[in-house]
Student: 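Take this structure first; my questions come after.
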Amino acid sequence: MTYNFNEIEAKWQKYWAENQTFKAENTSDKPKYYVLDMFPYPSGAGLHVGHPLGYIASDIYARYKRHKGFNVLHPQGYDSFGLPAEQYAIQTGQHPAITTETNIATYRKQLDKIGFSFDWSREVRTSNPEYYKWTQWIFIQLFESWYNNNTNKAEHIDTLIAKFSSEGNTNINAVCDDNVISFTADEWNNFSSEKQQEILLQYRLTYLAETEVNWCPALGTVLANDEIVNGVSERGGHPVIRKKMTQWSMRISAYAERLLQGLDTIDWTDSLKESQRNWIGKSVGASVTFNVKNHDETIEVFTTRPDTIFGVSFMTLAPEHELVTKITTPEQKADIDAYIQATAKRSERDRMADVKTISGVFTGAYAEHPFTKEPIPIWIGDYVLAGYGTGAVMAVPCGDQRDYDFAKHFNIDIPNIFEGVDISQEAFADKDNTIITNSDFLNGMNYKKATKRAIFELEQIGQGEGKTNYRLRDAVFSRQRYWGEPFPVYYVNGMPQMIEQKHLPITLPDVEKYLPTESGEPPLGRADVWAWDTQSNQVVSNDKIDDKTVFPLELNTMPGWAGSSWYFFRYMEEQANRGNTFASEEALQYWENVDLYIGGSEHATGHLLYARFWTKFLKDRNFVGVDEPFKKLINQGMILGTSAIVYRVAGTNKYVSSGLKNDYEVEELRVDVNMVNASDEIDIEKLKQWQPQFADAEFELEDGKYIVGREVEKMSKRWFNVVNPDNICEQYGADSLRLYEMFLGPLEQAKPWNTAGITGVHGFLKKLWKLYHQGEDVNLKNDPNFYLHDPKKDGVYSAFKAVKRGIGLPDVEPTKDNLKTLHKTIKKVEEDIENFSFNTSVSTFMIAVNELTTQKCTSKAVLEPLLVLLSPYAPHITEELWSQLGNTQSIATAPFPKFEEKHLVESSKNYPISFNGKMRFTLELPLDMSKDDIEKTVMAHEKTQEQLQGRTPKKVIVVPGKIVNIVG
RNA sequence: GCUGAAGUGGUGGAAUUGGUAGACACGUUGGACUUAAAAUCCAAUGGCCAUUAUGGCCGUGCGGGUUCAAGUCCCGCCUUCAGUACCA
């Protein structure tokens, strides 16, 4: 009976599906545990071996937790809205819904082959109208909320309206637009409806505003900050420019402090928390108001160093600052205009590329120092960013290197306000060793004291206050795309109106072309049926728009992160009960939040931040009961591809083997890795068929082989280094794939894939199989019965073999060695799983199986628990052996074996003895020996050694040190 | 520049609180079994030296330090990867 993994795996995958083995229940006596993967975007390329890494890890943990007696929720779904499907639609004209459907089917098929314990009955797809109905609903809730700084949470907009009409807005402490006007209750009540809506929009948690956005002409869409890498789009690497557009935004800045504080309550890696902290970018300091001389204007700046206020010798405004045109003197106007134009032309990328070049222009205007009343020249310079703080800085050249460089470059005065510090070469930015001087009332103070005093004095004269600034910007929520959630919004006189919940979902309309226009007109602008009828409450044809009862609908769609910001709540509800809520109160209360979340670190400042934001919002409005969505988070590392390279002699059609490449001038070409064997030898026949250019090529071999070069890089179709998990499952089985992916190295680390190594774990599984089918070796050829059976009929043959060597060996009492091996393994595997070091437990299994094989262990009391330990890693083979041992229930329900220390206890142990740190001899001592006896024994041996080695040891230590130390 | 992580054989990687560095696996070499191949099994495998045998010396990026004892702790460097960046 051989280990037929294909048969076994298909059998048990079918069994699990039919018996709904992994279906989670929303009520249970057991404690709950929620294990979640970041759901995949189903691309057309399908899965490669890198994708399932995190899923395997989470699956091991989920299965382990089931053995440990938890009610485990382990769902899976698809993040199915997004750009690639739309790009494909643009190219082929195929509706993205259709390609998405096809891709999902492929993904599902591939995932099923790996034997995950997903509860598919809870699947979600973000592009499914029944799902995005609730994404739209959450959007409406955000629209109907404002952030109350006094209660420090979001509240329904009605409570704000009530306050407005009873007391106006002067005493309201809310997160809102900077430009909001002050009004009394009377004024509010007399405002027109439009005016009221306009004001409320400045308070809502999602709002419509003219914002400067990152516009990517090539993609025809707006990108969020986290979708831009080095000034170009993350996807495709297209240039990005700044552009003003009316967009929906999310007031995530209201949650900046809570998003920061919340990090202390969750179990994430330090590096990930640190990225979020940096992204939120809290800085504590002061805002200072400078009056502009000869103008009725003020400039507000943010500074983290109010203690250096007397060191200000100039101010710099961002070129985009609105005051620039107002204060520039006629003499300077030409220069300023030229500079502004030049800056506007430069892309974000150019601006970042030459950080070194110092540029700027004097406006001709002067501000007035709040304390000394001295004139301060006002400059503009592109080192000041319009998007951070107030877009203006008070420049303290002696304390800030950029200000210093700027001052040096333009010969501006550099007053020194630091005692005993030389600033002739560079600025002095060390806060901790600062004593302020030349600064009036701040003289002699350190950083801390001076800061406090400076803020106090600024407040006294009404020209500043302590302020905390965050780098976190409000998130733009509009995309000029087709394949995304439509907004549940229509416009009356230009003011957005929400469609009532009972009329949701608003489904995507059909359009002729999916391409956005260069000018930024969204694809939904092409839809003929895309207007809202407030009478019939349905979407109707555009030509019915009459501005009385039929109104235009929003043309933008939501960004990719909309659907992924709450999907983990959707899984909590079983599909059958999802009708009336996004998840029922009972389900939300039971499952609370995700206990373990596994996914890539690339989502650190995108998805993970937005999901935390929405969760906090939903909690504020009492829709969910938790403040943080993901208690523990692990980032799995990427699995890299190992590309294969052939070397073509330049200008010829001759290819030389890797070892000979230095003899020629060669070009490197990447070829399909699947044609290369474990020893880097390529199959030339396959290569010739692979691409026509190789068909009649000449090959120069070494030792009769063509050896390829290797390069480790990202797994990608364009490098021909993609390894398909289906092929691995076919050839070695899913259990081998699962074990091998874990065996490759630590989960969180990036590592290259190398198919050759899989024979190690595959061999282990074969050995395991043998261990459970051991017995006397029977020479079938000499067995007369052999000829009674038809060896070609596998069933008969196998049955014969099974009787002779089968699993039905007599059960015997386990030996001490058997139990030691087992309990050693239990201990290690349990520790490993709890620490997510799955790679080392694979080794532990290998050792255990080798030991038990040597021990010829046939005891059920050892073989059964061993299967349970291994079952999270290799679920198929363990199910099969488990059932062969006579169990009728799935192994998934078996309890995790209990570790017993007593089986590891030994009567004596070899202790190495060290002399001056060098190991000289070992001593076998009973474990329960007293300290005195040990000392005596050691001294005796010391004497012997002294004679043997002819030298006197100074100190003798018996290790392990915690047992005894003898110093003498 | 800042933040985070990491440097161990030919390779992936192990190594409890500091306690026999290199587990386990790949690869390589040799052997067994085969007409042969595959599969399987056995042995060797950090470097250098020595050998009849026991063995000896050097070794965890570099330079110091603490300690009876350092891959592990401390100080100072170097390198790599990841994230972030005129953030006032």
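Note on naming: letters A, B, ... go to the chains in the order of the sequence lines (proteins, then strands), and numbering restarts at 1 for each one. Values in this document were obtained by computation on a predicted structure and should not be read as measured data. Just so it is clear, the values below take in all heavy atoms, side chains as well, and ignore hydrogens, waters and symmetry mates.
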Student: Across the strands shown, which category fits A:Thr269 at heavy-atom distances under 4.0 angstrom: base, sugar-phosphate, nothing?
Tutor: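 The answer is nothing, as A:Thr269 stays clear of every strand by at least 4.0 Å.
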Student: Can you tell me, in whole Å, how much space there is between the C1' of B:U67 and that of B:U72?
Tutor: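 Going atom to atom, C1' in each nucleotide, I get 13 Å.
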Student: For B:A39 and A:Lys766 - does any side-chain N or O of the residue sit under 4.0 Å from the phosphate oxygens OP1/OP2?
Tutor: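 For A:Lys766, the contact criterion (side-chain N or O under 4.0 Å from OP1 or OP2 of B:A39) is not met.
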Student: Between A:Asn835 (CG) and B:A15 (P), how many Å, whole number?
Tutor: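 A:Asn835 atom CG is separated from B:A15 atom P by 10 Å.
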Student: In whole angstrom, give the distance that lies between atom CZ of A:Phe5 and atom C1' of B:A39.
Tutor: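 Distance, rounded to whole Å: 13 Å.
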Student: Between A:Glu257 and A:Lys282, does at least one N-O distance fall below 4.0 Å, as a salt bridge requires?
Tutor: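 A salt bridge is present here (some side-chain N lies under 4.0 Å from a carboxylate O).
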Student: Salt-bridge test for A:Glu831 and A:Lys828: reply yes if a basic N is under 4.0 Å from a carboxylate O, no otherwise.
Tutor: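 No, this pair does not count.
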Student: Side-chain N or O of A:Gln749 versus OP1/OP2 of B:G13: is the shortest distance under 4.0 Å?
Tutor: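 Yes, such a contact exists.
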Student: So if I take every side-chain heavy atom of A:Leu385 and compare against B:C41, B:C87, B:C26, which nucleotide ends up nearest?
Tutor: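 The closest nucleotide is B:C87.
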Student: Which nucleotide sits closest to the side chain of A:Asp382: B:A88, B:U40, B:C86?
Tutor: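 Of the options given, the side chain of A:Asp382 lies nearest B:C86.
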Student: Would you please classify the geometry between the A:Phe406 ring and the A:Phe410 ring as parallel, tilted or perpendicular, with 30° and 60° separating the classes?
Tutor: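 Plane angle between 30° and 60°, so tilted.
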Student: Roughly how many Å is it from CG in A:Asp832 to P in B:A15, rounded to a whole number?
Tutor: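 Result: 8 Å.
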Student: Establish, from distance only, whether the side-chain atoms of A:Tyr383 and A:Asp403 form a donor-acceptor pair under 3.5 Å.
Tutor: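 Yes.
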Student: For atom C1', what is the distance between B:A25 and B:C86, given to the nearest Å?
Tutor: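 Nearest-Å result for B:A25 against B:C86 at atom C1': 50 Å.
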Student: Could you please name the option among B:A85, B:C86, B:A23 that lies closest to any side-chain atom of A:Ile847?
Tutor: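 From the listed options, B:A23 comes nearest.
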Student: Do the charged groups of A:Asp264 and A:Arg277 touch, with an N to O distance under 4.0 Å?
Tutor: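 Yes, A:Asp264 and A:Arg277 are salt-bridged.
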Student: Could you tell me how far B:G7 sits from B:C62 if I compare only their C1' atoms? Round to whole Å.
Tutor: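 That atom pair is separated by 11 Å.
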Student: Of all the nucleotides listed (B:C26, B:C87, B:A14), which has the minimum atom distance to the side chain of A:Arg402?
Tutor: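 The closest nucleotide is B:C87.
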Student: Anti or syn, where syn is a glycosidic angle within 90° of 0; which label fits B:G9?
Tutor: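 Syn conformation for B:G9.
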Student: At under 4.0 Å between heavy atoms, what does A:Lys767 touch on the DNA or RNA strands: base, sugar-phosphate, or nothing?
Tutor: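 Since only primed, P, OP1 and OP2 atoms lie under 4.0 Å of A:Lys767, the category is sugar-phosphate.
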Student: Of the options B:U3, B:G13, B:G12, whose atoms approach the side-chain atoms of A:Glu274 most closely?
Tutor: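 Closest nucleotide to the A:Glu274 side chain: B:U3.
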Student: When we call it a touch if two heavy atoms are under 4.0 Å apart, what does A:Asp403 touch: a base, just sugar-phosphate, or nothing?
Tutor: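 It contacts nothing in the nucleic acid.
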Student: With rounding to the closest Å, how many angstrom separate the P atoms on B:U45 and B:G71?
Tutor: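 Those two atoms are separated by 22 Å.
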Student: Look at the side chain of A:Asn754 and decide which nucleotide, out of B:A88, B:C26, B:C41, has an atom nearest to it.
Tutor: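 Given the options B:A88, B:C26, B:C41, the side chain of A:Asn754 is closest to B:C26.
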Student: Looking at the side chain of A:Tyr383, which of B:U40, B:A14, B:C86 is the nearest nucleotide?
Tutor: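 Among B:U40, B:A14, B:C86, the one nearest the side chain of A:Tyr383 is B:C86.
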Student: What contact category does A:Glu748 fall into here, base, sugar-phosphate, or nothing, at under 4.0 angstrom with non-hydrogen atoms?
Tutor: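 No contact.
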Student: Base, sugar-phosphate, or nothing: which does A:Ser843 touch, judged by heavy atoms less than 4.0 Å apart?
Tutor: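 Base, at least one base heavy atom under 4.0 Å.
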Student: Under a 3.5 Å cut-off for both distances, is B:G55 Watson-Crick or wobble paired, and to whom?
Tutor: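 Base-paired to B:C49.
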Student: Can you tell me how far P of B:A88 sits from CZ of A:Arg305, to the nearest Å?
Tutor: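 The distance from CZ of A:Arg305 to P of B:A88 comes to 11 Å, rounded to the nearest Å.
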Student: Can you check the distance between B:A69 and B:C73, where both ends of the measurement are the C1' atom (answer in whole Å)?
Tutor: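 Their C1' atoms lie roughly 13 Å apart.
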Student: From C-beta outward on A:Asn278, which listed nucleotide comes closest to its side chain: B:U3, B:C26, B:A88?
Tutor: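 Among the listed nucleotides, the one closest to the side chain of A:Asn278 is B:U3.
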Student: Let's see if you can work this out: which of B:U40, B:C86, B:A25 has an atom nearest to the side-chain heavy atoms of A:Phe743?
Tutor: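 Taking heavy atoms from C-beta onward, the closest nucleotide is B:A25.
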Student: Taking the C1' atom of each, how far is B:A43 from B:A82, in whole Å?
Tutor: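 One C1' to the other, the span is 43 Å.
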Student: Given B:A25, B:A14, B:G4, identify the nucleotide with an atom nearest to the side chain of A:Pro746.
Tutor: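 It is B:A14.
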Student: Sticking with atom C1', work out how far B:U40 lies from B:U34, rounded to a whole angstrom.
Tutor: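 Looking at atom C1' only, B:U40 and B:U34 are 11 Å apart.
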Student: Measure from NZ or CZ of A:Arg612 to the centre of the six-membered ring of A:Trp279, then state whether that distance is under 6.0 Å and the direction lies within 45° of the axis.
Tutor: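 Because its charged atom misses either the 6.0 Å distance or the 45° angle limit, A:Arg612 does not stack over A:Trp279.
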Student: Say we look at B:C42 and B:U60: how far apart would their P atoms be, to the nearest angstrom?
Tutor: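 Nearest-Å result for B:C42 against B:U60 at atom P: 33 Å.
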Student: Now, which nucleotide makes the Watson-Crick or G-U wobble pair with B:G10, with each of the two distances under 3.5 Å?
Tutor: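 Its partner is B:C26 (Watson-Crick or G-U wobble, both distances under 3.5 Å).
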Student: Once you measure the plane-to-plane angle for A:Phe899 and A:His823, does it fall in the parallel (<30°), tilted (30-60°) or perpendicular (>60°) bin?
Tutor: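 Taking A:His823 first and then A:Phe899, their aromatic rings sit tilted (interplane angle of 30° to 60°).
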